[in-house]
Amino acid sequence: MATYITEPSYTFGEYLLLPGYSSKECIPKRVDLQTPLVKFMRGEKPAISLNIPMTSAIMQAVSDDRMAIALAKEGGMSFIYGSQSIENQAQMIASVKAYRAGFVISDSNIIQDATIEDLLKLKERTGHSTVAVTSDGTANGRLLGLVTSKDYRMSRLPLTMQIKDFMTKFENLICAQQEVTLKEANDIIWENKLNCLPIIDNNQRLISMVFRKDYNFHKKNENELIDRSKRFMVGAGINTRDYAERIPALIKAGADIFCIDSSEGYSEWQKIVLEYVRKNYGDKVKIGAGNVVDGDGFRFLAQAGADFVKVGIGGGAICITREQKGIGRGQATAVIEVVKARDAYFYETGIYIPICSDGGIVHDYHMTLALAMGADFLMLGRYFARFDESPTNKININGNYMKEYWGEGSARAKNWQRYDLGEDEKMSFEEGVDSFVPYAGKLKDNVALSLSKVRSTMCNCGCLTISALQKNAKITRVSATSIIEGSAHDVLLRESRNRR
Ligand code: RVP
């Protein structure tokens, strides 16, 4: 007979935190959100910690090099998607590691034969008004000129006019060579009253840009997640098929940590990959595994050598695994059950394995709940897909800006390896959808707002650290009726509110 778990599984929206005693020392600015990313022995420190408990999902629509840089600046980490060629993924990793604070890879580039109309479309997509004119329209093409909003007046010029006819030509630009330091670049900017300084190589190829507005960057980002050489840290998603080629290439490119990206992690395939890493690299190379939703899955991956374990099946905003295959578990229950197993494992072995709650975070308070339930950090897809820094297009739909967001199990992503059970045939059904999410602006602003809520709630619970929250939080289930009570009710709202 099958095993029945009679208690239903619940999601975050079905729980609330009760306040605990907060002393006058318990204020949001004293809350420390540092959290372990990889396993460690009792009494020791983890080899890698995050400065905020956030990672961005291993998805084409979420985590590329630009997202990784933006999130590392705030103290979190991206896992760059593995559903692309090894070369492309390695290039993205390398570009994060090569990133020099203050030196920005130009993301608004155009060819000189394009028109004002093309330029306006590009500006709408990227939100930037400084555009590099390069031989091939890429960020590393030969620099031919620069266009800023000072170069043209919309009301005066026809939309068909070509960029080459009004751009500031290369001969008239002030540029600096690749070897320039940030201080020297800033001096050039100030002395020449520039807003932006293109950095080029000996062949006039564009390398990066330094912007006047980024001058104070380092003073503002004390939280940034950096390695010993002061480079941003970045993770990489891998699969259970081409790991023996992908892992060495990504290590060479500078990846700091890996995560086996699979919708179902309680499988021999994951054990094989973990054993490969331990055999070839010992404990030097860090690797997380998942996803699981119960204690059995956790113990299996812990014993196979995972550095962290990722939890969640079917809770992602774009995920239809539960509908398609009938497997999964309410995300809150999955976290609670896996955390129980993790704590028991820690008690027995002295090895603490961080838990990542992956998918299903809708409101900001869900983050605090997941942490209170014992997750050490979160992985978010929809949340980050809404920002300027996600790789997808920003589209105006009926007067509202939206960003594209599609699942790794959708036909669009074609990431069949994520759902691979070792057979040769291609997957013949989708486990994810292709969708839009409301555009929400800059990552920095949104992360600051979300975390200010997390800090504030932690203070209400009397906790200044995530581990204190995990130990001391009081959590209650809520009835369906009291969920209605928790939102504005029995009033006519003056205007619609957008709180996500
Ligand atoms: P969310 O944050 O709710 O958008 O969920 C993101 C998570 O959803 C990912 O980290 C991954 O675990 C899962 N995912 C990604 N693609 C798909 C799918 O196509 N079903 N699911």
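Order of appearance sets the numbers: ligands from 1, and atoms from 1 within every ligand.
- Using modelled atom types and a 3.5 Å distance limit, the side chains of Y266 and D294 yield no donor-acceptor pair.
- Two residues are said to be in side-chain contact when any heavy atoms from C-beta on lie closer than 4.5 Å; F12 and Y365 fail this criterion.
- With a 6.0 Å radius and a threshold of 12 heavy atoms from other residues, nucleotides or ligands, K286 has its NZ atom above the threshold.
- Protein residues having at least one heavy atom under 4.0 Å from any atom of ligand 1 are A57, M59, N291, G316, A317, I318, C319, D358, G359, G360, M379, L380, G381, R382, Y405, G407, E408, G409, S410, R418, Y419, E431, G432, listed by chain and number.
- Residue pairs meeting the salt bridge (charged side-chain N to carboxylate O under 4.0 Å, His left out) criterion with at least one partner in residues 314-323, sequence neighbours excluded, do not occur; the list is empty.
- Remark: A372 pairs with L17, L469, A473, I475 by the side chain to side chain contact (heavy atoms under 4.5 Å, CB included) rule, at least two apart or across chains.
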If you look only at distance, which donor and acceptor atoms sit under 3.5 Å apart when one is on a side chain in residues 295-305 and the other is two or more places apart or in another chain?
{"residue": "R299", "atom": "NH1", "partner": "E348", "partner atom": "OE1", "Å": "3.2"}
{"residue": "R299", "atom": "NH2", "partner": "E348", "partner atom": "OE1", "Å": "3.4"}
{"residue": "R299", "atom": "NH2", "partner": "E348", "partner atom": "OE2", "Å": "2.9"}

